[in-house]
Protein chains: 2
Amino acid sequence: MYKNKQKLLIAVDCIIFGFDSEQIKLLLFKRKVEPYSGNWSLVGAFINENLSLNEAAQEILFEYTGLKDIYLEELQTYSKVDRDPGERVISVAFFSLTRINEIVEESVEKFDAHWFNLDEIPELILDHREMVDNAITKLRQKARYQPIGFELLPEKFTIPQLQLLYECIYNKKLDDRNFRKKIFSYDILTKTDLKDKSTSKKGAFLYKFNKKKFDSFIANGYNFEL
Amino acid sequence: MYKNKQKLLIAVDCIIFGFDSEQIKLLLFKRKVEPYSGNWSLVGAFINENLSLNEAAQEILFEYTGLKDIYLEELQTYSKVDRDPGERVISVAFFSLTRINEIVEESVEKFDAHWFNLDEIPELILDHREMVDNAITKLRQKARYQPIGFELLPEKFTIPQLQLLYECIYNKKLDDRNFRKKIFSYDILTKTDLKDKSTSKKGAFLYKFNKKKFDSFIANGYNFEL
DNA sequence: ATTGTAAACGTATATTTAACACTTATTAAA
DNA sequence: TTTAATAAGTGTTAAATATACGTTTACAAT
């Protein structure tokens, strides 16, 4: 059909964020193939004829973390002509939010992966550092108007946990009284009668996030600033 | 280098917005090549080895509008396997904001182009309608926290013009007194002593947008809601 | 001089955000 | 079994911001 048109190599790279109840983390992998074998890198793969970019990204994530149906969002394309010294490759970066505790350990270990704090990211191959920086910026921006925080927390979580997560995202302390007021005003949480006593004697009630209310919240045109 | 990897066709498509002092408009082109010759479409082109996607998009825009250094932003990729019945093509959509009056008429006429109101968009080829819808959504969202409005206005503009533009973007009436208060509070406009008398006997003062103040406004972490 | 019209301006009220201090439930140690 | 320690949980007030609304002003056309 489009005969004399040039074809190019196209790849996807995945930025994988997690939250371990203390810090936001980035999952990086020690590369095992040339070029750059032994260096830290995002995970990625070339695209073939059979998959959309999204499907390809989901597949990569499954391969490396054992997780399916991960929150995944396109970040942007990276297409500088000489970004890969080997050969020209256009890469589409995706960023994903995961619950660290759900990640299948064997998958991660098999690939020599490691969770890094955002302020301790090692040197990365190619333009992967730029991708990561852009993803962090986007994560912070996005958090202001979409409640993506939930993708990073376990199914049941406490208010102090949720607050801590947002403190990590915004990188500043929040007032706990105002935080509670605000989050409850959105009316998207369901209280359980369970308590998490891992961090205090009193224990903190566990909440679940109410999918139905949440969806209508989204549908209306939310503004999630905290 | 990456020998046995498959290569694919990759294209860019451009969504071109403008504002004619009354409505936000979308520039569409009557396609002159097969497949779909004679149908309305976005402008686009296949990517070759020599240009980044951004450069390619700028080149396309120059070819079709005569404009250089247009405001241009990546929207997202479209990569469904069967999105183009001819052959598999991955397309990256960009959206651009232009000042209609600066567009070189001959360029536009040569290509059988037409500015459409957003509520009168004709049937488009492939998934171009989806691209356009996504672009409109993004435009509206973006306007809430970045003063992109300026890209759509001539260098000198009046407050009522600016207000009208935002009324078009948000698709609702704004209070003129509050609008003025808000926009002046950002302190990013410079008043000229010229008046535009095209819409009233009294005439409205023309303003320019103050690049320096604007940049620091952006740098700090603005919130441009109007 | 009068009239019509869009531009420009100000104020009062409601809502939202920001700042701040005490009480409660529980466990572990005395 | 009392006491001490600690994070969880709650309410109030002041400041800032957003909303709603009426009047005056400059100019051209009559």
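Order of the sequence lines sets the chain letters (A, B, ...), proteins ahead of strands, with each chain counted from 1.
Atom CD of E22(B) sits in a sparse spot, with 12 or fewer heavy atoms from other residues, nucleotides or ligands closer than 6.0 Å.
The distance from atom CG of L174(A) to atom C1' of dA8(D) is 17 Å, rounded to the nearest whole Å. For K172(A) and dA19(C), the NZ to P distance is 9 Å, given to the nearest whole Å. The interatomic distance linking K182(B) (NZ) with dT17(D) (C1') rounds to 8 Å, in whole Å. When rounded to the nearest whole Å, the span between CZ of F205(B) and C1' of dA8(C) equals 10 Å. To the nearest angstrom, C1' of dA7(D) lies 11 Å from CG of D196(A). Here the P atom of nucleotide dT16(C) and the CD1 atom of I183(A) are 17 Å apart, to the nearest Å. Put simply, CZ on F179(B) is 14 Å from P on dC9(C), counting in whole angstrom units. Following rounding to the nearest Å, Y170(A) (OH) and dT17(C) (P) show an atom-to-atom distance of 12 Å.
A salt bridge between R180(B) and D176(B) is absent, with no side-chain N of the basic residue lying under 4.0 Å from a carboxylate O of the acidic one. Using a 4.0 Å cut-off between charged nitrogen and carboxylate oxygen, K138(A) and E73(A) count as a salt-bridge pair.
The six-membered or imidazole ring of Y207(A) lies away from that of F157(A), with a centre-to-centre distance of 6.0 Å or more.
Between the side chain of S107(B) and the backbone N or O of I103(B), no donor-acceptor pair lies under 3.5 Å.
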Going through the distances and angles, do N39(A) and K30(A) end up as a side chain to side chain donor-acceptor pair (under 3.5 Å)? CA-CA 5 Å; N39(A) 291 291; K30(A) 205 158 232 169; over 6 Å; no
Which nucleotides of nucleotides 21-30 of chain D have their base under 4.0 Å from a protein heavy atom (B), which only their sugar-phosphate (S), and which neither (-), written as one string 5' to 3'? BB--BBBB--
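A sub-4.0 Å separation between OP1 or OP2 of dA8(D) and a side-chain N or O of T158(A) is absent.
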